Number of protein chains: 2
Amino acid sequence: MARASSVKDVAARAHVSLGTVSNVLNRPERVSPATRAKVEQAMRDLGFVRNESARQLRAGRSRTLAYVLLDARNPFFTDVAQGAELAAESAGLSLFLCHSGNRPSREADYLAHLVEQRVQGILVTPVDPHAAVLDDVRRNGTPLVIVDRTREDAEFCSVAVDDVLGGRLAVEHLVEAGHTRVAFIGGPETIGQVRDRLAGARQAWAAAGLPDDQLTVIATDALTVAEGRSAGERVMGIGSSRRPTAAFCVNDLLALGLLQQLSTAGLSVPRDLAIVGYDDIEYAAAAAVPLTSVRQPRQELGRRAAELVLDEAEDPDHQHQQVVFTPELVARRSTLG
Amino acid sequence: MARASSVKDVAARAHVSLGTVSNVLNRPERVSPATRAKVEQAMRDLGFVRNESARQLRAGRSRTLAYVLLDARNPFFTDVAQGAELAAESAGLSLFLCHSGNRPSREADYLAHLVEQRVQGILVTPVDPHAAVLDDVRRNGTPLVIVDRTREDAEFCSVAVDDVLGGRLAVEHLVEAGHTRVAFIGGPETIGQVRDRLAGARQAWAAAGLPDDQLTVIATDALTVAEGRSAGERVMGIGSSRRPTAAFCVNDLLALGLLQQLSTAGLSVPRDLAIVGYDDIEYAAAAAVPLTSVRQPRQELGRRAAELVLDEAEDPDHQHQQVVFTPELVARRSTLG
DNA sequence: TTGTAAGCGTTATCAA
DNA sequence: TTGATAACGCTTACAA
């Protein structure tokens with residue numbers, strides 16, 4: 001494949017100067033119709049395509065945003081991405097998705113690459129919101145917004161959902177349904193969300209005046225379907241006198257795994273165990289027993305994050321903001337019998 | 001935020017020439033340890049980050065691949081992406097994901113942008129494999145591989161799975177289990193996969209000597225959970241004497257929707273209706289009744305596609321190849337009672 | 001070992 | 001209306 005043609009080649013073929021070609025591209029009204037036609041014909045003949053690197057080098061900034069996400073298989077993140085996409089689109093930018101797969105090294109590689117590319121802004125759901133890589137991006141001047149995680153300092157904009165409230169909503173719902181022995185399923189506690197949802201669960205539990213030891217924490221190693229199945233086995237291993245009558249899972253994948261494990265074992269949901277999930281992914285409503293779940297405004301999260309990153313890129317007086325959205329409980333058959 | 005610093009700034013601060021700075025970056029062994037240390041210190045002081053646009057402009061090519069996919073929410077595509085990622089990583093490249101959301105205009109925008117960025121190569125699962133946008137990319141000299149779709153001409157490399165065979169495997173499995181009235185659920189038929197899987201289904205049906213009219217086609221408008229539910233209602237509306245005893249769904253999302261609809265209606269899978277899905281996504285195994293499904297080597301698909309696109313980018317003697325992988329049936333409870 | 005200078009393709013300024 | 005030229009930041013001959 002021959003070298004792609006440049007404005008210079010177009011100029012030569014159209015017998016005009018290089019500046020005129022550029023004008024055709026950027027200020028066509030300044031060019032006489034005749035020469036414009038000539039130039040456009042030459043472009044077609046040569047299959048001319050602007051070289052974005054050169055434009056960018058000249059302009060100092062690119063026309064792209066990027067979202068570095070933890071897990072492209074988790075519908076939560078793809079919904080966030082979709083929201084960001086909409087915002088990017090209306091700003092005339094492209095959004096690239098980068099999949100860190102929960103690996104700090106890949107995340108770091110992507111962030112470094114994006115900074116080198118001088119993207120307009122980066123959205124990231126980081127493996128660890130306190131990792132130094134994020135501060136490096138900031139220091140290098142690329143706007144960055146943290147999505148679905150928070151940091152105590154105000155070094156970055158962030159958008160997140162109130163997970164303490166979400167945990168509270170879930171457990172209040174179970175308490176109202178009369179449950180007095182509940183399992184909290186999730187982990188590891190290194191994940192802020194796990195801690196927050198547990199804290200909310202405990203708040204609701206205490207507020208209902210129920211004894212601490214009747215809220216059992218079942219720790220998992222990850223938030224996956226497989227871990228949900230394994231948690232199911234552990235729940236069922238609890239002696240029937242002390243066995244919880246309901247479970248609150250930190251996300252829907254766990255809840256789906258739990259549901260499957262129970263139904264494999266011939267138990268019925270919600271009769272034998274009521275289940276509340278978290279995230280309200282599409283598969284939650286589509287499960288054989290539709291899952292009660294805590295819904296987060298996912299698209300809105302992405303949209304707002306993209307807006308913030310653009311504000312940071314464009315407004316010299318930009319102030320960092322921590323946006324916190326409110327979750328909402330969606331009750332379905334898995335708790336309503 | 002002040003302008004990011006350049007090699008020139010670093011050179012000034014380290015009191016060396018700009019060429020030396022470049023050497024530190026690209027051929028550090030040619031620089032004396034003392035000056036190298038000086039330069040590296042200056043880089044740290046200034047928070048220097050290479051400008052990738054400039055490098056790229058100079059080098060004429062970028063260090064990225066991109067995969068333009070139809071639907072980031074469909075685990076099939078994210079698994080393909082993961083395979084591509086692995087291949088990209090071992091070639092030292094970054095992979096960006098672009099989500100067309102099944103919209104030809106977004107797909108075209110992304111492709112145009114990627115060509116302008118002079119990415120090393122593009123993988124794409126196109127809305128329409130015959131659309132002219134693909135030929136435009138080719139004409140502009142960017143290597144492009146079609147993923148999970150095929151074209152009759154040999155203008156592009158492509159990687160796909162034998163969908164006719166997949167359809168045959170699914171229906172052979174049902175026939176072996178003794179079913180003589182089967183529903184084929186899927187659509188629209190504009191999607192090549194739908195046509196191929198149906199063709200395979202019919203082959204297996206005919207080979208078993210079963211009458212045409214006992215293989216009922218239930219057309220859907222899309223391959224989604226919601227459409228699966230609606231198909232479920234239609235299946236159940238068929239008079240019991242003529243109602244199919246098994247269904248083959250063109251993908252797992254349809255199958256999951258169907259499964260949910262049936263269980264909502266109090267029917268049992270596989271007793272009242274056996275179900276075979278397609279894709280073997282994670283949620284298929286995790287459904288309340290684990291789904292029998294046709295598995296495609298998804299990661300392998302992505303890996304191979306990335307390899308082909310790199311070959312096209314690097315080997316002047318590159319020959320286009322149509323790679324076809326073989327699917328495999330995974331039997332689970334939804335057909336095994 | 002280090003420095004100088006040309007050039008990648010684009011845009012924008014200024015002059016013709 | 002069009003053309004010549006400089007500049008963006010980097011890499012790489014080539015010269016010192």
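Proteins get letters first, then strands, A, B, ... in listed order; numbering begins at 1 in each. Here the structure is a predicted model, which is why all the values come from computation and not from measurement.
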Next item on the list: Would you mind classifying the nucleic acid contact of A/R118 as base, sugar-phosphate or nothing, using non-hydrogen atoms under 4.0 angstrom?
Entry: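 No contact.
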Note to self: For A/F96, give me all partners under ring-ring contact (aromatic ring centres under 6.0 Å, His included), at least two apart in sequence or on another chain.
What the structure shows: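 So A/F96 forms a ring-ring contact (aromatic ring centres under 6.0 Å, His included) with B/F96, B/H113.
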Item checked: Which residues share a ring-ring contact (aromatic ring centres under 6.0 Å, His included) with A/H15, sequence neighbours left out ->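 Counting only residues at least two positions away or on another chain, A/H15 forms no ring-ring contact (aromatic ring centres under 6.0 Å, His included).
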Item checked: Contacts of A/D153 that satisfy salt bridge (Lys or Arg N to Asp or Glu O under 4.0 Å) - sequence neighbours left out ->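 A/D153 satisfies salt bridge (Lys or Arg N to Asp or Glu O under 4.0 Å) with A/R151 only.
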Next item on the list: Report the residues that fulfil salt bridge (Lys or Arg N to Asp or Glu O under 4.0 Å) with A/D136, sequence neighbours left out, ordered by chain and then residue number.
Entry: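 Checked A/D136 against salt bridge (Lys or Arg N to Asp or Glu O under 4.0 Å); matches are A/R139.
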Next item on the list: Five pairs at each end of the helix from C/dT1-D/dA16 to C/dA16-D/dT1: take the axis at both ends and give me the angle between them to 10°.
Entry: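 Here the helix ends are tilted 40° relative to one another.
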Next item on the list: Scan residues 51-62 of chain A against DNA chain D and write down, sorted by residue number, each residue with any heavy atom closer than 4.0 Å; if none is found, say none.
Entry: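 Those residues are A/L57, A/R58.
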In this structure, how many angstroms lie between the [atom2] atom of [N] and the [atom1] atom of [X], rounded?
X: B/L25; N: D/dT12; atom1: CG; atom2: P; value: 11 Å
X: A/N26; N: D/dT2; atom1: CG; atom2: P; value: 15 Å
X: A/E116; N: D/dG9; atom1: CD; atom2: C1'; value: 13 Å
X: B/R27; N: D/dC10; atom1: CZ; atom2: P; value: 15 Å

Checklist line | Any pair counted as salt bridge (charged side-chain N to carboxylate O under 4.0 Å, His left out), so long as it reaches residues 118-131 of chain B, sequence neighbours left out | finding: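 Those involving residues 118-131 of chain B do not exist here.
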Notebook entry, point to check: Can you list every salt bridge (charged side-chain N to carboxylate O under 4.0 Å, His left out) pair that touches residues 27-45 of chain B, not counting sequence neighbours?
Noted result: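 Counting only pairs at least two positions apart or across chains, the salt bridge (charged side-chain N to carboxylate O under 4.0 Å, His left out) contacts touching residues 27-45 of chain B are B/R13-B/D45.
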Margin query: Does any part of the side chain of A/E52, heavy atoms only, come nearer than 4.5 Å to the side chain of A/R63, both counted from C-beta?
Written below: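 Yes, close enough: below the 4.5 Å cut-off.
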Check: If you look only at pairs with a residue in residues 51-95 of chain A, which of them pass as a ring-ring contact (aromatic ring centres under 6.0 Å, His included), with sequence neighbours excluded?
Finding: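 Residue pairs passing ring-ring contact (aromatic ring centres under 6.0 Å, His included), neighbours aside: none found.
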Notebook entry, point to check: Of the options B/V115, B/V309, B/V145, which is the one that meets B/I122 in a side-chain contact (heavy atoms from CB on, under 4.5 Å)?
Noted result: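 So the option named by the test is B/V115.
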Margin query: List the residues meeting side-chain hydrogen bond (donor to acceptor under 3.5 Å, both in side chains) with A/E152, not counting sequence neighbours, and say none if there are none.
Written below: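 Applying side-chain hydrogen bond (donor to acceptor under 3.5 Å, both in side chains) to A/E152 gives A/H130.
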Notebook entry, point to check: Under the side-chain hydrogen bond (donor to acceptor under 3.5 Å, both in side chains) test, which residues partner A/Q117, sequence neighbours left out?
Noted result: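 A/Q117 satisfies side-chain hydrogen bond (donor to acceptor under 3.5 Å, both in side chains) with no other residue.
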Under-3.5 Å N/O pairs linking protein and nucleotides 1-5 of chain C:
from	atom 1	to	atom 2	distance (Å)
C/dT2	OP1	B/S32	OG	3.1
C/dT2	OP1	B/T35	OG1	2.9
C/dT2	OP2	B/S32	N	2.9
C/dT2	OP2	B/T35	OG1	2.8
C/dG3	OP2	B/S17	N	2.7
C/dG3	OP2	B/S17	OG	3.3
C/dG3	OP2	B/T20	OG1	2.7

